[in-house]
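Structure, as C-alpha cells:
Quick note: numbers below take in every heavy atom, side chains included, and nothing from hydrogens, waters or symmetry partners. In listed order, ligands and their atoms are each counted from 1.
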Amino acid sequence: MAGLTADWARDWVRLAAASVAEHRAELGALDRDIGDGDHGENLDRGFTAALAKVQDGAAGTPGAVLRLVATTLISTVGGAAGPLYGTAFLKAAEAAGDADTLDGPAVAALLAAARDGIVLRGRAEPGDKTMVDAWSPAVDAAAAAAAGGAEPAEVLREAARAAGEGAAATEPLVARKGRASYLGERAVGHRDPGAASSALLLAAAAEAAGSR
Ligand code: ADP
Ligand code: MG
C-alpha cells in the first residue's frame with residue numbers, strides 16, 4: 001500500500017471537523033464539569049476554520065496541510081487548547097517535512113513530534129489529567145505498530161485505540177495542570193475534555209487513512 005498523502009491530511013481535517021462538530025456539546029459538557037465549558041466551541045471554531053483553509057487543495061504535501069492547520073488553530077482557538085493543538089500540528093508538520101507520502105514509521109514519528117510539542121508547550125506529564133494522557137499511550141502504540149511493520153492506517157488505528165483508552169483512564173485522576181487543577185479532588189470522576197478531543201482527532205486520522 002502507498003503511504004499517506006496530502007489528500008489523507010485533508011481528509012483528516014474534514015473528518016476531524018465533522019467529529020468535533022458532532023461532539024461539540026459533549027466536549028462542552030466535559031469542560032463545564034471541570035473547566036469553563038468552552039472546549040467544544042473552541043475546537044469547533046478552529047477546525048471549521050482549518051477545513052476552510054485546506055479545502056482549496058493548494059497545500060501539496062501532508063506537511064503543508066498540517067502547517068496550515070497549525071497556524072489556523074493558533075489564530076482561532078482560544079484558551080489552553082489553541083496553543084497546545086497549534087504546537088502539536090506545527091511539530092507534526094515539521095516531522096512530515098516536504099515528503100509527498102508518509103509510511104508507517106513516518107506516521108509514528110509525526111505523532112511523537114505532536115506529543116512532544118504538547119509537552120514542550122504545556123509541561124504536563126502523563127497522569128496529570130490532560131490531553132497528554134491520550135497522546136502518550138497513542139504514541140507508544142503507534143511506535144510499536146510501526147516497529148512491527150504495520151501500514152500507516154494500522155499505525156493510526158492503534159494510536160486512536162490507545163488514545164481512547166487513555167482518555168477514559170483520566171476519569172479517576174486529580175488534575176495537576178490547567179483549569180481543572182484548581183478543583184483538587186472534585187475533578188475525580190470526570191473525563192478530561194482535552195484528552196477526549198485528542199482521542200476524537202486521532203480516530204479521525206485513522207478513519208481518513210482507512211478510507212483510502
Ligand atoms: P481552557 O482551559 O483555557 O478553557 P480548553 O477548555 O480549550 O482551554 O482546553 C482545556 C484542555 O486543555 C484540558 O482538558 C487539558 O486537556 C488541556 N490542557 C490544559 N492545560 C494543559 C497543559 N499544561 N498541558 C497539556 N494539556 C493541557
Ligand atoms: Mg475550557
Below 3.5 Å, can you tabulate the donor-acceptor pairs from side chains in residues 56-70 to any protein atom, sequence neighbours excluded?
from, atom 1, to, atom 2, distance (Å)
D56, OD1, A58, N, 2.9
T61, OG1, A64, N, 3.1

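- Looking only at distances, a side-chain donor or acceptor of S75 sits under 3.5 Å from a matching main-chain atom of T72.
- The closest donor-acceptor contact from the side chain of R115 to the backbone of V139 lies at 3.5 Å or more, if one exists at all.
- Those atoms of ligand 1 with a heavy atom of D192 less than 4.0 angstrom away are 13 (C), 14 (O), 15 (C), 16 (O).
- Judged by distance alone, with hydrogens and angles left aside, the side-chain atoms of W135 form no donor-acceptor pair with the main-chain N or O of A88 at under 3.5 Å.
- Remark: ligand 1 atoms within the under-4.0 Å shell around heavy atoms of A81 are 7 (O), 8 (O), 9 (O).
- Across the listed options A167, G122, S181, A196, G122 owns the non-hydrogen atom lying nearest to atom 22 (C) of ligand 1.
- Other residues, nucleotides and ligands place more than 12 heavy atoms under 6.0 Å from the CZ atom of R45.
- P193 counts as a contact of ligand 1, since one of its heavy atoms falls under 4.0 Å from the ligand.
- For the pair D192 and K129, the salt-bridge criterion is not met [side-chain N within less than 4.0 Å of a carboxylate O].
- A donor-acceptor contact shorter than 3.5 Å links the side chain of S181 to the backbone of G178.
- Atoms of ligand 1 lying under 4.0 Å from any heavy atom of A124, numbered from 1 in the order shown and given with element: 24 (N), 25 (C).
- Listed by number with element, the atoms of ligand 1 under 4.0 angstrom from any heavy atom of N42 are 7 (O).
- For atom 18 (N) of ligand 1, the choice among D38, L84, V132, V119 with the nearest heavy atom turns out to be L84.
- Residue D31 has at least one heavy-atom neighbour below 4.0 Å for each of these atoms of ligand 1: 6 (O).
- Nearest protein heavy-atom contact of atom 20 (N) of ligand 1 is G178 CA, 3.6 Å.
- Within the protein, the N, O or S atoms sitting under 2.8 Å from the Mg ion (ligand 2) are D31 OD2, D36 OD1, D38 OD1.
- Residue contact annotation: R179 has a non-hydrogen atom under 4.0 Å from ligand 1.
- Side chain of D103 to main chain of A106: a donor-acceptor pair is present (N/O by atom type, distance under 3.5 Å, no hydrogens or angles).
- Salt bridge annotation for R179-D36: present, with a cationic side-chain nitrogen under 4.0 angstrom from a carboxylate oxygen.
- The aromatic rings of Y85 and F47 sit perpendicular to each other, their planes meeting at more than 60°, with 30° as the lower class boundary.
- Among all non-hydrogen protein atoms, the one lying nearest atom 8 (O) of ligand 1 is A80 N, 3.1 Å.
- Short contacts between ligand 1 and D36, defined as distances under 4.0 Å to a heavy atom of the residue, involve ligand atoms 4 (O).
- When H39, R123, H190, R121 are ranked by how near their heavy atoms come to atom 10 (C) of ligand 1, first place goes to H39.
- Formation of a donor-acceptor pair under 3.5 Å by the D128 side chain with backbone atoms of E125 is found in this model.
- W8 places no side-chain N or O within donor-acceptor distance of the main-chain N or O of T101, the cut-off being under 3.5 Å.
- Considering backbone and side-chain atoms together, G194 places an N or O closer than 3.5 Å to an N or O of ligand 1.
- The only member of L30, L27, D31, V20 that meets side-chain contact (heavy atoms from CB on, under 4.5 Å) when paired with S197 is L27.
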